[in-house]
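Before any comments, here is the structure.
Below, chains carry the letters A, B, ... as their sequence lines are ordered, and counting in each starts from 1.
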2 protein chains.
Amino acid sequence: MVRHIGQVSTDAFTVLAEPTRRRILDQLRDAERSVGELVDGLGVSQPAVSKHLRVLREAGFVTCRTAARQRIYRLDPGPLRAVDGWLDPYRRLWTRHLDALERHLDSQEQ
Amino acid sequence: MVRHIGQVSTDAFTVLAEPTRRRILDQLRDAERSVGELVDGLGVSQPAVSKHLRVLREAGFVTCRTAARQRIYRLDPGPLRAVDGWLDPYRRLWTRHLDALERHLDSQEQ
DNA sequence: CGCTCATATACCTTGACGGTCATATGAATG
DNA sequence: CATTCATATGACCGTCAAGGTATATGAGCG
């Protein structure tokens, strides 16, 4: 029912489902990196990495800038915040559990 | 390198990548439900729902108990907490941004 | 301007997954 | 104990995505 004008960017969970992509995000967590740097330490071919980067880019997880002959990729927090937001209504499941536990412990006090 | 003894349970992100499964979780957020109740309101065939429930079960997202002829499914917070935990090191990306913004705004004050 | 380094794309093969239809299980019920 | 209701499983099909190899693009350099 939802109309999309242009390209439908893959949804965040689908993007995160790929282990290699999560490892890429891990690598970008602390610093931005060139494609070559990502290829080393991932143990995957360069084309594979480039394809994952494209997916990540189109879903907004990363941005890239050109520096000389390299492309430097950088993490964008947006989609991860969205996932965080999706989790929000579920969070009470465990915080409430904690609350209940606390009440229980409180009732045990004397 | 990790050895698994029995069935390798699908990882949490892969499970969440499926929209129908997320809708099932949504439905279980407020109350436990039977398979039939889930089938209504999902618009998917009963076998499809059962298969998704199996995936969710094996990944620990839901538990089920038998009540008369029905199977009642209930949400288990475990794997969602794990996802929440995975997000943790990324969270500073936006909290830091906030910090930076605050510092900026502070510096603008007079 | 031809060469090379860094990255992206094309093409192909393979494997996993979701859906449906048909059928099996298994508990309640008459 | 046969039947029926609720759910699970199996067989089959179509789709899609990931990985690899080969190749195209494109910026910098001699």
Nearest-Å distance for atom pair [atom1]/[atom2], residues [X] and [N]:
{"X": "A:Arg71", "N": "D:dA27", "atom1": "CZ", "atom2": "C1'", "result": "9 Å"}
{"X": "B:Arg65", "N": "C:dA27", "atom1": "CZ", "atom2": "P", "result": "16 Å"}
{"X": "A:Ile72", "N": "C:dT7", "atom1": "CD1", "atom2": "C1'", "result": "12 Å"}
{"X": "A:Asp11", "N": "D:dC16", "atom1": "CG", "atom2": "P", "result": "15 Å"}
{"X": "A:Gln70", "N": "D:dG26", "atom1": "CD", "atom2": "P", "result": "18 Å"}
{"X": "A:Leu53", "N": "D:dG19", "atom1": "CG", "atom2": "C1'", "result": "15 Å"}
{"X": "A:Arg54", "N": "C:dA10", "atom1": "CZ", "atom2": "C1'", "result": "11 Å"}

Check this for me: A:Arg74, atom CZ, are more than 12 non-hydrogen atoms of other residues, nucleotides or ligands nearer than 6.0 Å?
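Incorrect, the count does not exceed 12.
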Taking atom CZ of A:Arg29 as the centre, does the number of heavy atoms from other residues, nucleotides or ligands within less than 6.0 Å exceed 12?
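Correct, the count exceeds 12.
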Would you call A:Asp26-A:Arg23 a salt bridge at under 4.0 Å N-O?
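Looking at A:Asp26 and A:Arg23, the cut-off is not met.
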Is it true that A:Arg57 and A:Asp76 have a side-chain N and a carboxylate O under 4.0 angstrom from each other?
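So A:Arg57 does not pair with A:Asp76 through a salt bridge.
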Quick one: does B:Ile24's side chain get under 4.5 Å of B:Tyr73's, heavy atoms only?
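When only atoms from C-beta onward are counted, B:Tyr73 and B:Ile24 do not touch, as no gap falls below 4.5 Å.
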Is any side-chain heavy atom of A:Asp84 less than 4.5 Å from a side-chain heavy atom of B:Trp94?
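Heavy-atom side-chain distance check passes, below 4.5 Å.
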Is the phosphate of D:dA6, meaning OP1 or OP2, less than 4.0 Å from a side-chain N or O of B:Tyr73?
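False: B:Tyr73 side-chain N/O out of range (4.0 Å or more) of D:dA6 OP1/OP2.
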So, is A:Arg69 close to the C:dT7 phosphate, meaning a side-chain N or O under 4.0 Å from OP1 or OP2?
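Result: no.
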Under a 4.0 Å heavy-atom cut-off, which of residues 21-41 of chain B touch DNA chain D?
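The answer is B:Ser34, B:Val35, B:Gly36.
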When every nucleotide of nucleotides 19-25 of chain C is labelled 5' to 3' by its protein contacts under 4.0 Å (heavy atoms), B for base, S for sugar-phosphate only, - for none, what sequence of letters results?
BBBB---
For A:Gln27 and A:Arg33, which heavy atoms make the closest approach, and how far apart are they?
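Closest pair (atom of A:Gln27, atom of A:Arg33, distance): O-NE, 3.0 Å.
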Nearest heavy-atom pair of A:Ala17 and B:Ala17: which atoms, and what distance?
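Residues A:Ala17 and B:Ala17, closest heavy atoms: CB-CB, 3.9 Å.
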Can you check whether A:Thr20's main-chain N or O pairs, donor with acceptor, with A:Glu18's side chain at less than 3.5 Å?
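Yes: the side chain of A:Glu18 pairs with the backbone of A:Thr20.
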Toward the 5' end of DNA chain D, by each residue's nearest nucleotide, A:Thr66 or A:Val55:
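Between the two, 5'-proximity favours A:Val55.
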